[in-house]
Amino acid sequence: EFLGQILKAIQTEKNVEQIVLRLARNIEKCDFFDGKVLFGPESIVPVHFQENNLNFQVDVVNGQKTGFFLDQRDNRLQIKKISKGLSVLNVFSYTGGFSIYAISGGCKKIVEIDSNVWALKSSIQNLKLNLNENRNFEYQQIEGDAFKKLKELKSKNTKFDLVILDPPAFARSKKHCPQALEAYSRLAELGVQLVAKGGRLFAASCSAPVSPNDFYKAVHKGMALSNKKLTEITRTGHSIDHPVLFEEMEYLKSVLGWVGSKK
């Protein structure tokens, strides 16, 4: 009903060449579908853009949701600021947003884990857009289930100075919250075992039904299960362009902290 009005409003902005419809869910008996081009040329090429002076390309039709998660912009910048000289593990790396920022921040090593082959290839493309000939770093991708791959890295006694845990939504509704919280705890439990002495862990959740307080409790529970503790540095949420007007909009929450042994 309001789509026409929304289109007119968007088209009043300068340099709008194409408008693509992305749906959060399937809509039955409707002429619209996910990825439908509403304005502009039908041919789709990767959209190139900059975020905090870094270069990215995105598939706005076939990528998950919009193909890039702009709501993590400030958190990625936070990771960049602390990455100099660190070895970094980016779990659920998707198209490499956090990885590119860590590399830009001067990390010495980045390892990505994701089960999506397309996403891993996209991450490499984004890396190429930001390569600096004067930067030397180790780069590795691991394809597969994150939980299984974390266990494998643990079995090899692999350690990282910074572990990033940014999974897709584990809960689509309130009824899924118990399983989601267990998954967040398990993920934190596995991830923290790969943090080197004096290292840090960053954990995030984009599950709207999971409250911030429950998420933070789940992360600390995972730490305790590994006989570790997280000394929090900061808790963050949405960027300023993602205002929280009601409780359900407060979907993004994250925590960064130092990892130490539990006494």
- Item | Test item: Tyr184 and Lys221 side chains (from C-beta on) under 4.5 Å apart, heavy atoms | no
- Query: Do the ring planes of Phe170 and Phe92 sit parallel (below 30°), tilted (30 to 60°) or perpendicular (above 60°)?
  - Reply: perpendicular
- Task: Might you point out which heavy atoms bring Ser226 and Gln193 nearest each other, and give the distance in Å?
- Result: OG-NE2, 3.2 Å
- Message: For Thr95 and Ser123, which I'm curious about, is there any donor-acceptor pair between the side chains at under 3.5 Å?
- Response: no
- With a 4.5 Å limit on heavy-atom distance, are the side chains of Leu201 and Leu162 in contact? no
- Answer with yes or no whether the side chains of Ser115 and Asp145 bring together a donor and an acceptor at under 3.5 Å. no
- Task: State, without any angle test, whether Tyr94 and Asp166 hold a side-chain donor-acceptor pair at a distance under 3.5 Å.
- Result: no
- Is there a side-chain contact between Ile79 and Val88, using heavy atoms and a 4.5 Å cut-off? no
- For residues Asp114 and Gln141, determine if any side-chain heavy atom of one lies less than 4.5 Å from a side-chain heavy atom of the other. no
- Query: With a 4.5 Å heavy-atom cut-off, do Leu190 and Lys151 have their side chains touching?
  - Reply: yes
- Query: What distance separates Cys177 SG from Asp214 CG, expressed to the nearest 0.5 Å?
  - Reply: 7.5 Å
- Query: Is Leu181 reachable from Val192 through a run of I, L, V, M, F, W or Y residues, each pair having side-chain heavy atoms under 4.5 Å apart?
  - Reply: yes
- Message: For a quick test of reading the model, state the closest non-hydrogen atom pair linking Val16 to Ile10 and the distance between them.
- Response: CG2-O, 3.4 Å
- Query: Do we see a donor-acceptor contact under 3.5 Å between the side chains of Gln72 and His238?
  - Reply: no
- Check whether the side chains of Glu112 and Asn90 place a donor and an acceptor atom closer than 3.5 Å, and report yes or no. no
- Item | Salt-bridge contact Glu51-Arg76 (side-chain N to carboxylate O under 4.0 Å) | yes
- Side-chain touch Val195/Lys159, heavy atoms, less than 4.5 angstrom: no
- From Lys253 NZ over to Arg235 CZ, what is the distance, rounded to the nearest 0.5 angstrom? 12.5 Å
- Message: Are the side chains of Ser254 and Phe202 in contact, using a 4.5 Å heavy-atom criterion?
- Response: yes
- Query: Is the shortest heavy-atom distance from the side chain of Glu143 to the side chain of Val117 under 4.5 Å?
  - Reply: yes
- Note on the structure: Exactly one of Thr236, Asn75, Ile82 clears side-chain contact (heavy atoms from CB on, under 4.5 Å) with Leu256, and that residue is Ile82
- Message: Under 6.0 Å from the ring centre and within 45 degrees of the ring axis: does the NZ or CZ of Arg186 meet both conditions for the six-membered ring of Phe147?
- Response: no
